Amino acid sequence: QDTLAVSVRVAPLGSQLVLVLVEDRTEARRVDAVRRDFVANVSHELKTPVGALALLAEAVLSASDDPDAVRRFAGRMQKESHRLTNLVQDLIDLSRVQGDDPLAKAVPVDLGEVVSAARERVAEVAEARSIEIVAAGADGVAVLGDRGQLTTAVGNLVENAVNYSPDRTKVVVSVRVEGELAEVSVTDQGVGIPDQDLNRIFERFYRVDPARSRITGGTGLGLAIVKHIAATHGGDVSVWSVEGAGSTFTLRLPVAVQAPAAELHPTTPA
Ligand code: ADP
């Protein structure tokens with residue numbers, strides 16, 4: 001609910017004069033609350049895999065004469081460490097994109113190259129699960145920005161498409177230009193997203209199905225990172241989804257205006 005928070009300070013200026021300072025603290029209070037929530041969420045998310053690792057280590061120690069059990073526990077320890085690594089990586093990505101203005105040192109970035117790098121990130125997992133990743137659309141489309149951040153954004157979308165799809169399905173990553181905007185769309189034939197969750201999935205730590213997210217090693221931060229990168233690059237990200245049929249995530253970014261070749265290489269009149 002919207003409540004107004006004010007701080008009032010009174011300073012006597014003389015026998016008949018006082019100075020009254022009224023400051024609107026509403027926004028500062030909101031920022032404090034968001035920060036507290038974030039720290040609480042991070043602590044909770046860290047506690048779960050660390051707690052599981054401690055228990056599993058104990059289990060390994062007490063099952064040392066049963067090699068099968070040791071192998072099983074070690075496998076689960078591997079999964080929990082993977083989750084922990086993902087979480088730390090996403091936290092690093094989030095803090096990096098929040099601290100940087102990518103447009104301050106923007107360079108033209110070719111979206112075809114970004115898509116290739118993003119595909120590479122998931123190639124091994126996709127191949128193991130017979131998920132075909134198809135790249136389609138325009139070549140030579142560039143946007144202004146930070147190559148690493150743009151690869152993170154497209155990579156997170158492609159990674160989700162793979163994570164939330166059954167084996168032997170297809171993911172299509174396409175690039176096209178609509179007026180002054182370049183669009184990168186990632187379409188999957190996966191589980192889809194219920195209508196009531198669509199406008200919450202870009203929130204930090206929001207997951208439609210926490211149990212599934214745990215299996216995939218998801219952190220709930222991927223889409224928040226994509227949203228932030230899109231916004232700081234002057235664009236946005238949107239989603240269209242049908243539950244049980246699949247989803248399309250579309251990243252829209254302003255096309256880099258490229259100087260025509262004639263301007264780059266002026267020809268001297270004969
Ligand atoms: P996570 O690390 O859990 O994948 P994200 O922030 O990337 O976190 O996504 C938030 C939630 O949105 C996911 O937990 C999942 O429920 C849903 N989601 C994201 N991408 C897809 C997709 N392509 N298909 C179905 N659900 C998705």
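Counting starts at 1 for both ligands and their atoms, in listed order. Given the structure is predicted, the values throughout are model-derived calculations rather than measurements. For reference, positions follow the sequence shown, starting with 1.
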Within ligand 1, which atoms have a heavy atom of [X] less than 4.0 Å away?
{"X": "L223", "result": "5 (P), 6 (O), 7 (O), 9 (O), 10 (C), 12 (O), 19 (C)"}
{"X": "G220", "result": "1 (P), 2 (O), 3 (O), 6 (O), 8 (O)"}
{"X": "G192", "result": "25 (C)"}
{"X": "V208", "result": "14 (O), 16 (O)"}
{"X": "L221", "result": "6 (O), 8 (O)"}
{"X": "G222", "result": "5 (P), 6 (O), 7 (O)"}
{"X": "Y206", "result": "10 (C), 11 (C)"}
{"X": "I201", "result": "10 (C), 12 (O)"}

Is [X] close enough to touch ligand 1? Criterion: a residue heavy atom under 4.0 Å from a ligand atom.
{"X": "F249", "value": "yes"}
{"X": "G190", "value": "no"}
{"X": "I193", "value": "yes"}

- Query: For the residue pair A74 and V60, what are the closest heavy atoms and their distance?
  - Reply: N-CG2, 4.5 Å

Atom pair [atom1] ([X]) and [atom2] ([Y]), whose distance is rounded to the nearest 0.5 Å:
{"X": "K227", "Y": "N156", "atom1": "NZ", "atom2": "CG", "value": "15.0 Å"}
{"X": "R252", "Y": "E178", "atom1": "CZ", "atom2": "CD", "value": "8.5 Å"}
{"X": "L223", "Y": "R200", "atom1": "CG", "atom2": "CZ", "value": "13.5 Å"}

- Decide whether an N or O pair under 3.5 Å exists between V191 and ligand 1.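 Between V191 and ligand 1 (N or O atoms, distance only) the closest approach is not under 3.5 Å.
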
- Query: Is it true that D100 and K105 have a side-chain N and a carboxylate O under 4.0 angstrom from each other?
  - Reply: yes

- Query: Is a salt bridge present between R29 and E27, judged by a nitrogen-to-oxygen distance below 4.0 Å?
  - Reply: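 Looking at R29 and E27, the cut-off is not met.
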
- Side chains of R129 and N163: donor-acceptor distance under 3.5 Å anywhere? no

- Query: Does any donor atom in the side chain of T219 or D90 lie under 3.5 Å from an acceptor atom in the other side chain?
  - Reply: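 Looking only at side-chain atoms, D90 and T219 do form a donor-acceptor pair, the distance falling under 3.5 Å.
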
- Message: Tell me the protein heavy atom at minimum distance from atom 23 (N) of ligand 1, and give that distance in Å.
- Response: D188 OD2, 2.9 Å

